[in-house]
Each structure stands twice: as structure tokens, then as C-alpha cells.
Novice: 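Quick one: the structure is below, and I'll ask about it shortly.
Lettering of chains follows the sequences in order, A, B, ..., and the numbering in each one begins at 1.
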Protein chains: 2
Amino acid sequence: MVTLKDVAAAAGVSPATASRALSGPTSVATVGRERVLRAAAQLGYRVNPVARALRSGRSGHLGLVLPDLANPFFASIAKGVQARARELGRNVLVADTEEDPLIELDVVTQLREQVDGVILCSPRMPAEHLRTEVGAGRGVLVNRELDGVPSVSVDNADGVRQALEHLRALGHRTVAYAGGPASSWSDARRRDAFGAVDGLTVVDLGPGRPVAARGVAAADLALGSSATAVVAYNDLVAMGVLEQLRTRGVRVPEQMSVIGFDDVPAAALVNPPLTTVALPLRAVGRRAVDLMVAAEAAIQPGAAPAGPTPPAREQLGVELVVRGSTAHASPAARGRE
Amino acid sequence: MVTLKDVAAAAGVSPATASRALSGPTSVATVGRERVLRAAAQLGYRVNPVARALRSGRSGHLGLVLPDLANPFFASIAKGVQARARELGRNVLVADTEEDPLIELDVVTQLREQVDGVILCSPRMPAEHLRTEVGAGRGVLVNRELDGVPSVSVDNADGVRQALEHLRALGHRTVAYAGGPASSWSDARRRDAFGAVDGLTVVDLGPGRPVAARGVAAADLALGSSATAVVAYNDLVAMGVLEQLRTRGVRVPEQMSVIGFDDVPAAALVNPPLTTVALPLRAVGRRAVDLMVAAEAAIQPGAAPAGPTPPAREQLGVELVVRGSTAHASPAARGRE
DNA sequence: TTGTACGCGTTATCAT
DNA sequence: ATGATAACGCGTACAA
């Protein structure tokens, strides 16, 4: 293993100078810097990140905590985080909480000390824990907002608005909402948005787990109402709705329209292809990384302490993708019951 | 930050004794150990992993390199790796290579120095690079085997056998195979297995990218042959086949049977539900971690150097999950052309 | 069994 | 601009 000392010796300077030449844009004589860089390349020197971390207190690692890696929703975010982190030359420590708030707290506590900052996806833990764990520039929230903590989320309200606008233009007048988990921050935002439309009657199918089975149950509830369209919490639930409607002999979209959220890859593969609100998940992940490094930077230097920039709270735009699961509300549909 | 020195002071012992009391089962007086442990708990002491890493040369981190986090196949493996690592109190550094062999090599090189060992999923890089990068107990291969490197994979041949056995029992005599990437180690194993059956004619649809679009093309090829069933490289390809058959007005499974590989979550949600060879991906991830820590352990102590255990090469069992996309080969099917 | 002292590789401080 | 020196927190050889 070739160390900084070796490089310094080869370049005929002190380790301190070698460090400066390699590390930062600090003041180093151009000529000396040249010699150091050449010596380093010559010897194949690579800095020891552990030693640097011990001395500087910053490992360069980012933490990513999410409820379920196998959920394509979080996988997409993770992918965005990965990509951006790689561009920035930083590594990512990933932890899966299995959707368990206790594991979540545990994992964050443990991870926090190994990384410079942690990106927390759809955290289920209560606000007070959240603030103590990732407050003070040590974390970024995704899909959740909290005073004093930077966050990036999607414009849930606009997604709902677009979906309802689309349905209304198709002649629908009564729409059912198959909501998500009661503890979901995103679901709460969407529910608010549902209340804000006029010209449409909304049937609340209640909260539920974000899985296909919940969609199966929701479909029957929707059939029992006068709704001609169902908006689901996410694509998985929407697929459950689709499946049950088929089982019941109800044709989609002729007799019932269905809209999902997320636009996971499978959404385009089901029959009929799912109309859904596409969320820019990769971009969410990328932005989260950017906010995280910005927050780190804001900690370090003696930046204007009087007016510290308030934590950024970003909201990314969403877009309705119209596929085959929505159509005009037909007389046949209304005549169904 | 409370350090070991603080604990030692509080317990009235030297840092060395405190270290011994906390670290290993080394010789420490029972009474002193008690005092140290209590002081540590009292002060909320937590070892600094970075300092420990610098001293010991081992970070406790595991590296996980995979082609695509958004691919449910790899996401499942990652999930298994996560879970097992957590049980063992180890963290996981994940890197996504975007299916690019160049990025893969780059990422592995860079990650290798930050972790104790790296788990390499479905590596696309050539064998010689592989051996230099992860040889000598520094890595574990998943879905690829190589002399001298521990690995864990699934029993591809048996999966093919089960699928063909199932089809033969249903009366099929000619089966098409929509293979995967030419560079895929798994695909090569499956191809071998196809050649080893008798009583069945196999139509090779050639290699292709493991995406739905490839399945669409493969479906047309299959229809142009005398095959009454299609086996696909993975579920995504199988879903593409399903989609195109529907477009062509060919009923599944009545006129054509379809079998996938992997059993991703979406496989049960398509119409008809996909019969597929389920791979124990979570278990694969877990075993990979176990092999990795075993390999580390084999490096450390002065274990029998004469007979070093040959690198483990594990193969996990697979299971055909029969759903709705396979049925008896019918006269109607044969009369189609 | 316990304490002292040193080193892991790097960077920050303080002189010069 | 550069060099000597200390320190980050921990583990361990050596001495007691």
C-alpha cells in the first residue's frame, strides 16, 4: 500500500504539502504541485478514505433509508440517488426497513454515524424522532415535509388535479378514491386535493395497504357505489382493481375507468395498459442527493450565520400518462347497476 | 461525542482495559468489565467505526454491485443481501452499473477499497478482470461461476427441466425458447439444459435483450414456427410475448402456452397469470452474504494453510409455479397454422 | 490482569 | 508557500 508519505518522499516535499497538492485548491506552488501529482500517478497512490474520514470527520458516504427495495417505487428513487451520487464521486449506504417504523428508527440511528448525511424515503416515524435524527443538516426527507428539514417530494395535489380533470373531460361525474396507508404523508396530500375539486362527486373508499389485494377489495366497493371511475393510491392497487373488475365481468375502460399513481414499469404491461400519474422518481432521488450535499456545505464554512438559508423544500412536477384504462363515461356504465 | 477514553475515565480504568472489556472475549477481570459496561451504557458510548476501521483495516462494510436496481430481479437479491447484512450488523454499499460492463469495472475497482468484500451480481465483465478484481477472498459472485471464486447461483438446468417436464405432461411436443443476452451466464446454462431433453423439439428463437419488447418480437417468431409453447428468458420477456399474442388474437393458454423465469411480483398480476420458474432470489442474496463473511474469516486467522477450503460454489433450488398461462396442447393450436 | 505507548494514514494548526 | 507536529479514536505489543 502506497501512502501519502511515500508520495511526499518521492516528490521531495513534506506530507503536508503533498496533502494540500492532492486535496484541495489551497495555496500550493504550481511547480511543487506538479511534482506531487506526477509522483502520485507514478506510484499509483490512492488516498485512504478511512484515514481521511477519521481525521476530517467526513466519510464521503451518503445513507439511503427506504421502506422496501423490492418496491419499484423506491427502487426508482434509489436508482436516481445512485446515479447522482456516482456522478459526485460519493458512495451510498443503503438500508431497507421492511416497512417497519421501529427498524427505521434503529437503522437511521445506526447509519447516521457512518455517513455524512442520510436521505430518508417516505419515513414512517413520528415527527419528533425525525427532527432529532436528521435535523441540523444531517438529512433530507423524501415524500414527507417537515419544518426545518430539507425535503423533496412530488406535487401530489397537482397529480390528483390532472387525474380528475382528465376524468371530468371524459364525462365522469362520480369518482371513487382507493386511498393508501393512513400513515402516508403523500396520501394525506392527495386526500386534501380530492376535496378541492368541484363538479365531481368523490366516493372515499377509505385507507388501505398499498398492495394489489387492497385493490381487489376496493373494486367491489367501487362497484357498489355510483362511481364510473376509480383512482388508486398507486399502480399496484390499480392493478388489483383491474384484476377484480375483470373477474366480475366489468369491462375496462368501457364500463369503468381506472387511474393509478407512480407509473411503475409494469403499468404499461397490464391489460388494458394503465392510465397513471407518472412521478419523476429518478429525478426525486437525484435532487435529494443535491440537497444533501448542499446541506453539508452549509454546515461546514462560516457561511452567513445571520441569515442561514431556510431548508429547501422542493416539489417536483408530475404528469398524467393516458393509456388504455380510461375512456368516456358511457351510458352502459351508468346502466350497470 | 463520547469516546472510549471517556468511558475508561468514568470506569476508573485505562483505555486499553476498557477496549478489551468491550471488544472481545479477552482476559478482563469480571468486576472491572462490569464497571466498564455500565459506564459505557451510562454515557451512551458507541464505538467509532471509522477509527476502528483505520486501526484494523476492516470497515465492516459489504459492497453490492448489480446491473440495475430498478429490475425486480436484482432488487430482490439486494433485499436478501440487506436483510442478512443487517442481521450480522453490517452495512451495505450498493452500486448500480446501469448494465454497462465499463461502469461495472470502474465501480468495482473503486468500491473494493471501501469495503471488506464485494458481492457481484450477474457480472458482465470478462473472466480475467473478474478474477483480479474479486479474487483471493475479496468477493462473491452471484449468477456466475468461476474457478477460485466463491459463488451462489440458481439451478438453471433444473428450472428448464421442470418447465419442459410440465409442458410435456400437457402434451406439448414442440417448444420455443426466447433466450436472453448472449453474454448472460445464466442463459448459457439454460441453453445447455434445453439441449439435454428428449421427446421434445426445441425451436431456438435466438438471443435478445431481457425486456418486454424482445418478447413481442419473439411471439411473432414463435407463431411462425410449429411450437405450441414458449419458454422465455425471464418474466419481462414472457409478458411481452403475452402482450403480442393478445394483439395477434392468439388465446393463452388455449392456443399457446407461455412460461417465464424469475417469478417477479408482476407475474401474478398479468392476464393470464404467468406460469413461471420461481427463483429463490432473497435466499440467493442471503447466502451471498454468508459466503462473503466466511471468505473474510478464512483470510484472517492462521487457518490450515495446507488445505484451504476450496471456494464454495452453491446452487439453490428453483420451483415451477403453475398459474394460468399454460394448458394442454389443443388440436385448435395445431390447426392454427 | 492491567497500564503505557505507539501507530494506522490523513489533515489541521502553527510556526517559519 | 511550506514544514514540523499534533491529533482524530481505537487496538495491541510490550512491559509491569
Novice: Between A/Lys5 (NZ) and D/dG3 (C1'), how many Å, whole number?
Specialist: 15 Å
Novice: Quickly work out the B/Arg46 CZ to D/dC10 P distance and round it to whole Å.
Specialist: 12 Å
Novice: Which nucleotide in the set D/dA4, C/dG3, C/dT10 lies at the smallest distance from any side-chain heavy atom of A/Ser14?
Specialist: D/dA4
Novice: How many whole angstroms separate atom CE of A/Met1 from atom C1' of C/dG9?
Specialist: 10 Å
Novice: Could you give the CG-to-P distance, from B/Asn48 to D/dA7, as a whole number of Å?
Specialist: 18 Å
Novice: Rounding to the closest angstrom, what is the interatomic distance between D/dT12 and D/dA16 at atom C1'?
Specialist: 16 Å
Novice: Give a yes/no answer on whether the side chain of B/Ser19 brings an N or O atom under 4.0 Å of OP1 or OP2 in D/dG11.
Specialist: yes
Novice: Give a yes/no on whether any side-chain N or O of B/Ser23 is located under 4.0 angstrom from OP1 or OP2 of D/dC10.
Specialist: no
Novice: Please check the phosphate of D/dG3 (OP1 and OP2 only) for any side-chain N or O of A/Thr17 closer than 4.0 Å.
Specialist: yes
Novice: B/Arg58 CZ to D/dT12 P: how many Å, rounded?
Specialist: 11 Å
Novice: Pick the closest DNA chain D nucleotide for B/Leu54 and for B/Ala16 by heavy atoms, then say which residue is nearer the 5' end.
Specialist: B/Leu54
Novice: Ignoring hydrogens and angles, are the base of D/dG3 and the side chain of A/Arg20 linked by a donor-acceptor pair under 3.5 Å?
Specialist: yes
Novice: Between C1' on D/dT2 and CZ on A/Arg33, what's the gap in Å once rounded to a whole number?
Specialist: 13 Å
Novice: Take A/Arg124 and A/Glu104, measure what salt bridge (charged side-chain N to carboxylate O under 4.0 Å, His left out) needs, and give me the verdict at the end.
Specialist: CA-CA 8 Å; A/Arg124 267 69 162 151; A/Glu104 182 176 277; 5.6 Å; no
Novice: What is the separation between atom CG on B/Leu22 and atom P on C/dT2, rounded to the nearest whole Å?
Specialist: 13 Å
Novice: Does A/Arg52 reach a base, just sugar-phosphate, or nothing at all? Heavy atoms under 4.0 Å.
Specialist: sugar-phosphate
Novice: Salt bridge check, B/Arg131 against B/Asp147: does any charged N sit closer than 4.0 Å to a carboxylate O?
Specialist: no
Novice: State whether the side chain of B/Thr132 and the backbone N or O of B/His129 hold a donor-acceptor pair below 3.5 Å, judged by distance alone.
Specialist: yes
Novice: Taking the side chain of B/Arg55 as heavy atoms from C-beta outward, which of C/dT4, C/dG9, D/dG11 is closest to it?
Specialist: D/dG11
Novice: Under 4.0 Å between any heavy atoms, over every strand shown, what does B/Leu4 touch: base, sugar-phosphate, or nothing? Just pick one.
Specialist: sugar-phosphate
Novice: Grab the CG-C1' distance between A/Asp6 and C/dG9 for me, whole Å please.
Specialist: 11 Å
Novice: I'd like to know if the side chain of B/Arg90 and the backbone of B/Gly60 have a donor-acceptor N/O pair within less than 3.5 Å.
Specialist: yes
Novice: Name the nucleic acid region contacted by B/Val50, choosing base, sugar-phosphate or nothing; use a 4.0 angstrom heavy-atom cut-off, strictly under.
Specialist: nothing
Novice: Should the heavy atoms of other residues, nucleotides or ligands under 6.0 Å from CD of B/Glu113 be counted, would the total exceed 12?
Specialist: yes
